[in-house]
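Before any comments, here is the structure.
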2 protein chains.
Amino acid sequence: MESLDKVLKSIKPLDATAMEAARKRQDTLTKPLGSLGRLEAMSVQIAGIRGQAIPKLEHKAIITMAADHGVVARGVSLYPQEVTEQMVLNFIRGGAAINVLARHVGARVIVVDIGVKCDFPKTPGLVCKKVAPGTMDMAQGPAMTRQQAIDALETGIELVQEESRKGLDIVGTGDMGIGNTAPSAAILAAFSGLPVSKVTGRGTGIDDKQLTNKISVIEKALAVNKPDPKDALDVLSKVGGFEIGGLAGVILGGAAQRIPVVIDGFISGAAALIAVGLSPQVKDYLIPAHVSAEAGHKLLLDFLGLKSVINLDMRLGEGTGAALAISIAEAAVKILGQMSTFAEAGVSEADK
Amino acid sequence: MESLDKVLKSIKPLDATAMEAARKRQDTLTKPLGSLGRLEAMSVQIAGIRGQAIPKLEHKAIITMAADHGVVARGVSLYPQEVTEQMVLNFIRGGAAINVLARHVGARVIVVDIGVKCDFPKTPGLVCKKVAPGTMDMAQGPAMTRQQAIDALETGIELVQEESRKGLDIVGTGDMGIGNTAPSAAILAAFSGLPVSKVTGRGTGIDDKQLTNKISVIEKALAVNKPDPKDALDVLSKVGGFEIGGLAGVILGGAAQRIPVVIDGFISGAAALIAVGLSPQVKDYLIPAHVSAEAGHKLLLDFLGLKSVINLDMRLGEGTGAALAISIAEAAVKILGQMSTFAEAGVSEADK
């Protein structure tokens, strides 16, 4: 396993030459200048990430990481904890939303147990990388040790390296973990300083009373742990989750391998906060898939200065938003590779 | 050719039984209630359109209609008029943005000359349905006769019927016509009463001076013609275009055949205004693809009470936005057809 430190050092700026070439090519294609808007910008970004003027996104994957959360004992979710385990099995059998949407866009799904509170029997298709069977209750103390936080990050890094060896041109992040909007809100509050009441949402659909309780639990977690926003590892270990750490590792490892990382919703966004906290450079490698209906997600994207690709009021996680955005990223890149130029097509250019 | 009147009479409300069945099924699938947001709403709408609880969108097409505009003589566009013809040939050869994006989403492209100002030689792949070689200058008088407006509408109706016989489960609209943001803005101003200065944009990219000229040309067209917003045929004939009329026909014919119609950008939106003016019922059959960067498009969607699927600051037309939205509509429907229910997957439901 490559060390976190080594990976952080290997993340480089985007390739300016490839970006300039992509930008120039866009301006020669048979369409009014800039008329494909953010598709053009995305194609230039991906050219810079891949270091190729005309990149191809052939191999696509969603890495969906599952883990449990000690804080669930405090009634922060509508669903019982065993749903994490049950949904992992649903992923493996191909019946969940992420399976349907990943198939639709031609991406493979890698399902990872990084901290589910159960012992899965040996299950073909399930990647077992359990750091621990669920976090501790963050309202009482740190969710995990600092070493476990590093382990979660390095697990994500290792996974994306393994997938890269099989062929990987773009990767999406996905999560499953009953209760995981609570640590995500705590992470956002810790980094941004925004009040917990503003960044906390209804997750799977809790009512007003449950929301009030969730807010006070998160406030307690922050008061008890005092995570240091200047130390992303401290934030992750004190109020994070194993899937959040793992996905932050996927983001860092993706950037190190020059692979665009499509970040899904609120939980993946919290992972992005951790990753950017460890390496600000990594932001350039991110494609934010969508704005979740979960209250804090828009604030999270604003805090990171990112603008989402789609907005369909989704709030499911699993990588569902990432799957749809991967297809749009692929479209953006195909424009660059497959459209005719004005010269090739014999089309007159604009009067200057 | 079926008459416009007959088609208008054959447009029925959505199938409430199919919609109810789709809605109920969504609530049994392994995800928190409503957590796929507008994907769920879209699947229910499409169920109602198709009259099937679990519809399939196998056969997909974009109908891209091209025509020229007499008003171009007044300098409302940055590109010379012959670009309409050149781009039609680019479509046929498969080198335009719409070709790339339609291939990406598995949709066929039907390229239609409904009023280009040239004589195309017999060109395999080009559907010749020319009503006339370009409209007249709307700043001097009606862009077309009332009969030509009917001809354009019936051409669109006929086309979608022909395509339906080949197999068509969802259709997107697309346009090509140098200068056609001008009639589109005129149509929006005529129906909405909004000032021309608010609904007129820069099209392919004109500067401030050209924009001022474009606004005054459109104002003149409205003053000279006085289109009656209560008579959509009057609006189409006086300040419309052949591709706009043809696409309005595609929308009406699609609704009559119970085919969801994904409307592209500003020009397709103007066609939707005409179609809805002729048959308000048709609105339920529309899926608005995206918000164009063209100034008036957001106002147009607001006026129709429609919310777009994506927003990527695109402003190209051709059906490019529709292509991407067709893929998202297909994803929505696959969710309905392919996801496991809680019972099938053995996943616990929410605590009630």
Side-chain angles (χ1 to χ4, degrees), chain A residues 29-39 41-42 77-80 82-83 86-87 89-90 93-97 99-101 103-105 203-205 293 309-318 320 323-324 327-328 330-331 334-335 337-341 344-351, chain B residues 29-39 41-42 78-80 82-83 86-87 89-90 93-97 99-101 103-105 203-205 293 309-318 320 323-324 327-328 330-331 334-335 337-341 344-352:
Chain A
L29 301 175
T30 45
K31 57 183 169 53
L33 272 182
S35 61
L36 282 177
R38 294 179 56 211
L39 283 188
M42 219 184 298
S77 178
L78 207 62
Y79 284 81
E82 64 261 28
V83 167
Q86 293 165 347
M87 283 301 297
L89 295 173
N90 196 18
R93 285 189 298 255
N99 303 106
V100 177
L101 297 184
R103 279 196 298 269
H104 178 60
V105 305
T204 47
V309 175
I310 51 177
N311 182 357
L312 293 167
D313 300 326
M314 292 159 67
R315 53 178 172 81
L316 175 55
E318 300 180 3
T320 48
L324 295 180
S327 178
I328 291 176
E330 194 183 355
K334 284 183 177 173
I335 286 289
Q338 298 180 14
M339 264 186 80
S340 296
T341 63
E344 285 163 0
V347 175
S348 310
E349 297 202 45
D351 297 329
Chain B
L29 301 175
T30 45
K31 57 183 169 50
L33 273 182
S35 61
L36 283 176
R38 294 180 56 211
L39 282 188
M42 219 184 296
L78 206 62
Y79 284 82
E82 64 261 27
V83 167
Q86 293 164 345
M87 283 301 297
L89 296 173
N90 196 17
R93 285 188 298 255
N99 304 105
V100 176
L101 296 184
R103 278 196 299 269
H104 177 60
V105 304
T204 47
V309 175
I310 50 175
N311 183 358
L312 292 167
D313 301 327
M314 293 159 66
R315 54 178 173 81
L316 176 55
E318 301 180 3
T320 47
L324 295 180
S327 177
I328 290 175
E330 194 183 356
K334 284 182 177 172
I335 286 289
Q338 297 180 15
M339 264 187 80
S340 296
T341 63
E344 285 163 0
V347 174
S348 309
E349 297 202 44
D351 297 328
K352 293 272 165 67

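Letters A, B, ... mirror the listed sequences (proteins, then strands); counts begin at 1.
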Legend entry - Toward chain A, the part of B/Arg315 with a non-hydrogen atom under 4.5 Å: both

Inset, instruction - Sequence neighbours left out, what passes side-chain hydrogen bond (donor to acceptor under 3.5 Å, both in side chains) with B/Arg103? Give chain and number order. - result: A/Gln338

Legend entry - Heavy-atom side-chain proximity of B/Ile328 to A/Leu312 below 4.5 angstrom: yes

Legend entry - Top contributor to chain A interface from B/Ala323, B/Ala97, B/Gly205 [non-hydrogen pairs under 4.5 Å]: B/Ala97

Inset, instruction - Using a cut-off of under 4.5 Å on heavy-atom pairs, state which of A/Ile310, A/Leu39, A/Asn99 scores highest against chain B. - result: A/Leu39

Legend entry - Nearest non-hydrogen partners of B/Val100 and A/Ile335, listed with the distance: CG1-N, 3.8 Å

Inset, instruction - Could you check which of A/Leu324, A/Val83, A/Asn311 has the highest count of heavy-atom pairs closer than 4.5 Å to chain B? - result: A/Val83

Legend entry - Closest non-hydrogen atom pair, B/Ala331 against A/Leu101: CB-CD2, 3.7 Å

Inset, instruction - Would you name the heavy atoms of B/Ala96 and A/Met339 that are closest together and state the gap between them? - result: C-CG, 3.8 Å

Legend entry - Heavy-atom proximity to chain B below 4.5 Å, by part of A/Thr320: side chain

N/O donor to acceptor pairs below 3.5 angstrom from side-chain atoms of residues 29-38 of chain B, sequence neighbours left out:
| residue | atom | partner | partner atom | Å |
| --- | --- | --- | --- | --- |
| B/Thr30 | OG1 | A/Asn90 | ND2 | 2.9 |
| B/Thr30 | OG1 | B/Ser340 | O | 3.2 |
| B/Lys31 | NZ | B/Gln26 | O | 2.9 |
| B/Lys31 | NZ | B/Gln26 | OE1 | 3.1 |
| B/Lys31 | NZ | B/Glu40 | OE2 | 2.9 |
| B/Ser35 | OG | B/Pro32 | O | 2.7 |
| B/Arg38 | NH1 | B/Ser308 | O | 3.0 |
| B/Arg38 | NH2 | B/Lys307 | O | 3.0 |
| B/Arg38 | NH2 | B/Ser308 | O | 2.8 |

Inset, instruction - Sort out for me which of A/Arg93, A/Glu344, A/Glu318, A/Lys334 touches chain B most, counting heavy-atom pairs under 4.5 Å. - result: A/Lys334

Inset, instruction - Counting only heavy atoms closer than 4.5 Å, note whether B/Ala293 contacts chain A via side chain, backbone, both or neither. - result: neither

Legend entry - Part of B/Val309 within contact of chain A (heavy atom distance under 4.5 Å): both

Inset, instruction - Tell me, out of A/Leu89, A/Val105, A/Thr341, A/Thr204, who's got the most heavy-atom pairs with chain B below 4.5 Å. - result: A/Thr204

